[in-house]
Amino acid sequence: MTKYVFITGGVLSSVGKGVTTASVALLFKSMDYNVTVIKIDPYLNVDAGTMNPYAHGEVFVTEDGGETDLDIGHYERFLNMNLSKKNNITAGQIYYAVIMKERKGEYLGATVQIIPHVTNEIKQRIREVGKEYDADLVFIEIGGTVGDIEGLPFLEAARQMRLEEGFNSVAFIHVALVPTLKVTGEQKTKPVQHSVQELRRIGIQPDIVVARCERPLDPEAKSKIALFSNVPPEAVISNYDVANIYEVPIILMRQMLHKILAQRLALECREPNLSPWLSFLEKVTKSVKPVRIAMIGKYTKLRDSYISITEAVKHASAYLGIKPIFKWLESTDIENGYIDIEKELADINGALILPGFGKRGTEGKIKAIKYLREHNIPTLGICFGFQLMVVEIARNVIGLDNANSAELDPMTPHPVVNLLPSQQGISTIGGSMRLGAINIKLYRGSKVYEAYGREIISERHRHRYGVNIKYIDVFESAGFTVSGVSLDDESVIEFMELKNHPLFIGTQSHPEFKSRPLAPSPLYISFLSKASQ
Ligand code: GLN
């Protein structure tokens with residue numbers, strides 16, 4: 001029988017509910033239970049694909065081409081498993097489905113309402129995911145904070161599920177912020193008290209309260225939270241700040257969260273086997289050699305915009321025993337001359353040209369690429385970053401004046417990057433890019449072949465544009481050669497690399513989405529090992 005654990009949030013969003021959820025799921029996976037995780041996003045967008053990274057951070061792409069919330073990335077990385085687009089449920093999907101059913105006459109005669117029609121749709125989707133994964137446990141993180149109007153139908157569905165599935169089959173974990181007053185150092189529990197009260201008002205009694213705090217909870221704060229939340233003190237868990245998010249499962253385990261939850265769900269509490277995880281953490285601690293990596297993009301003011309990439313760098317660095325030091329360079333500032341790249345890139349060991357969309361900051365990226373190419377600095381271009389490498393070489397090596405991507409300049413005389421033929425005629429924006437895992441054929445003898453050690457690989461994608469194959473011969477003669485193509489369609493260029501350069505590789509794919517602590521990306525390993533030499 002499948003059991004369900006709902007994770008709600010209080011006080012503030014972005015306090016690390018996703019990492020907490022992923023950590024608890026990892027503990028149960030390590031106890032040999034079959035787990036899966038769902039993220040519920042109460043907004044009306046059908047998926048995260050159309051949202052600005054500044055609003056919600058990175059758009060995470062699943063194997064099956066879902067454009068999902070970045071928390072799905074945390075779950076995949078912690079659990080070392082692939083999830084599907086179905087693991088990210090949004091209010092947009094729910095309402096869309098209900099309205100379509102109404103139009104088809106599936107509720108004929110009924111007044112269609114939030115309760116029961118919307119809540120039924122929510123419960124059905126949660127149970128379907130559980131069934132698909134044959135899960136012993138489904139962890140469901142409800143986005144936003146308790147008290148948000150748009151979150152109510154989801155909390156109501158969760159409340160109903162406890163009644164329908166039985167008390168021992170549904171549990172609730174509430175994650176909330178406990179701020180510390182700077183002046184007195186006092187931990188303030190009032191906001192948590194209020195958010196738990198709000199939960200109880202709608203009929204949900206949390207079983208465990210996880211306090212996000214700067215340092216472990218003081219005994220007084222802990223007993224206060226326990227009393228006001230109506231839970232035993234041992235069910236109040238401190239999730240305090242750590243330098244490395246991958247330590248969170250260990251922190252929670254030490255406070256016996258897994259035991260309390262297993263007991264609550266009438267599950268056998270086995271000893272979590274975390275030895276591979278612990279040896280990864282040990283590698284991170286032992287990695288001291290600093291390697292300076294420039295991160296060049298236009299959303300650098302919100303680091304979550306590139307979270308899978310920074311995590312991929314961290315995974316590969318631990319594998320190599322090096323300590324990455326990130327230097328964030330905002331490409332618009334380079335473009336406008338506010339950043340002196342000669343100065344900023346002088347002490348850099350390697351650079352990542354980050355993905356993106358639209359014109360802003362692109363000339364800044366191109367300027368940085370030129371410097372990195374000419375100064376033999378190991379450089380990896382991801383998707384848009386790769387496309388701009390192509391533009392830079394077209395302009396500055398081949399001499400194609402005003403060469404550009406058609407996305408940025410539709411009138412360019414040299415559209416070295418243009419709309420993929422498969423994208424022509426598509427007019428809707430949502431979910432219509434070339435998305436998800438696609439097989440790639442690597443050319444023997446290339447640097448990427450050496451990095452992956454295989455001819456056929458699979459990486460995830462999210463793009464509409466690609467290298468214009470009409471220019472391939474000119475690029476080849478300039479020493480910028482194709483090293484990987486799409487297996488099904490060899491006219492889609494997947495990898496290019498520069499000869500006579502320590503490492504200058506561009507990929508149309510997003511290898512960061514498949515990188516995990518226990519399975520780092522071969523391309524990142526290769527890049528960072530060059531950067532650390
Ligand atoms: N804007 C580019 C395209 O659509 C690159 C997208 C990306 O970097 N993910 O092809």
Side-chain angles (χ1 to χ4, degrees), residues 47-54 56-63 65-68 70 73 295-300 302 304-310 312 331-332 351-366 368-369 379-392 394 403-410 412 415-438 440 459-469 471 485-486 489 491-496 505-515 521 523:
D47 59 39
T50 57
M51 286 195 248
N52 185 325
Y54 272 150
H56 279 273
E58 161 192 283
V59 175
F60 184 81
V61 181
T62 54
E63 285 287 289
E67 296 179 277
T68 67
L70 63 81
M295 304 286 278
I296 304 168
K298 74 168 165 177
Y299 303 116
T300 53
L302 181 75
D304 271 1
S305 310
Y306 304 110
I307 187 159
S308 291
I309 295 182
T310 46
S331 50
T332 319
L352 275 158
I353 315 296
L354 300 166
F357 295 82
K359 201 166 169 53
R360 178 170 73 83
T362 52
E363 291 303 323
K365 276 187 179 167
I366 291 168
I369 293 167
T379 305
L380 192 57
I382 309 293
C383 202
F384 199 45
F386 165 45
Q387 296 172 359
L388 296 175
M389 280 173 152
V390 170
V391 172
E392 193 277 325
N404 215 330
S405 162
E407 176 185 356
L408 311 172
D409 177 8
T412 170
V416 287
V417 173
N418 62 358
L419 194 65
L420 293 168
S422 59
Q423 285 285 319
Q424 270 152 24
I426 293 178
S427 58
T428 51
I429 295 290
S432 60
M433 282 187 247
R434 181 170 181 256
L435 288 166
I438 293 169
I440 297 169
E459 293 289 8
R460 300 183 191 169
H461 292 71
R462 180 175 187 245
H463 65 123
R464 284 184 212 285
Y465 291 81
V467 180
N468 185 344
I469 49 160
Y471 290 89
V485 292
S486 170
D489 179 356
S491 72
V492 180
I493 308 301
E494 296 279 3
F495 283 93
M496 286 176 81
I505 297 175
T507 177
Q508 195 54 77
S509 69
H510 290 267
E512 69 272 18
F513 293 136
K514 294 212 326 180
S515 173
S521 158
L523 189 65

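Counting convention: from 1, in listed order, for ligands and their atoms alike.
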**Report entry** Nearest-0.5 Å distance, CG of residue Leu354 to OG1 of residue Thr300
**Finding:**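 Reported value, rounded in 0.5 Å steps: 8.5 Å.
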Query raised in the report: In Å and rounded to the nearest 0.5 Å, what is the CG to OG1 distance from Asn404 to Thr362?
Result: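 So the gap between those two atoms works out to 6.5 Å.
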Query raised in the report: Any Lys/Arg nitrogen of Glu494 or Arg434 sitting under 4.0 Å from an Asp/Glu carboxylate oxygen of the other?
Result: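 A salt bridge links Glu494 with Arg434.
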Report, in ascending order of atom number, the atoms of ligand 1 lying under 4.0 Å from any heavy atom of [X].
X: Tyr465; value: 3 (C), 4 (O), 10 (O)
X: Gly356; value: 1 (N), 2 (C), 5 (C), 6 (C), 7 (C), 8 (O)
X: His510; value: 9 (N)

Can you confirm whether the side chains of [X] and [Y] place a donor and an acceptor under 3.5 Å from each other?
X: Arg462; Y: Ser509; value: no
X: Gln387; Y: Gln508; value: yes
X: His463; Y: Gln423; value: no
X: Glu459; Y: Thr507; value: no

Query raised in the report: Among the heavy atoms of Gln387, does any lie under 4.0 Å from an atom of ligand 1?
Result: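 Per 4.0 Å heavy-atom rule, Gln387 contacts ligand 1.
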Requested in this report: Answer with yes or no whether Gln508 contacts ligand 1, where contact means a heavy atom under 4.0 Å from a ligand atom.
Outcome: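 Contact check Gln508 vs ligand 1: negative.
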For [atom], closest protein heavy-atom neighbour:
atom: atom 9 (N) of ligand 1; result: Arg462 O, 2.9 Å
atom: atom 4 (O) of ligand 1; result: Arg464 N, 3.0 Å
atom: atom 1 (N) of ligand 1; result: Glu407 OE1, 2.7 Å
atom: atom 7 (C) of ligand 1; result: Cys383 SG, 3.0 Å

Query raised in the report: When only distance counts, is Phe384 in polar contact with ligand 1, meaning an N/O pair under 3.5 Å?
Result: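 N/O-N/O distance below 3.5 Å exists for this pair.
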Report task. Report yes if some N/O of Pro355 lies less than 3.5 Å from some N/O of ligand 1; otherwise report no. Result ->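 It does not: no N or O of Pro355 is found under 3.5 Å from an N or O of ligand 1.
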Requested in this report: Using the side chain to side chain contact (heavy atoms under 4.5 Å, CB included) rule, pick out the option among Thr379, Leu388, Val391 that qualifies with Ile369.
Outcome: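 Looking at Thr379, Leu388, Val391, the match for Ile369 under the side chain to side chain contact (heavy atoms under 4.5 Å, CB included) is Leu388.
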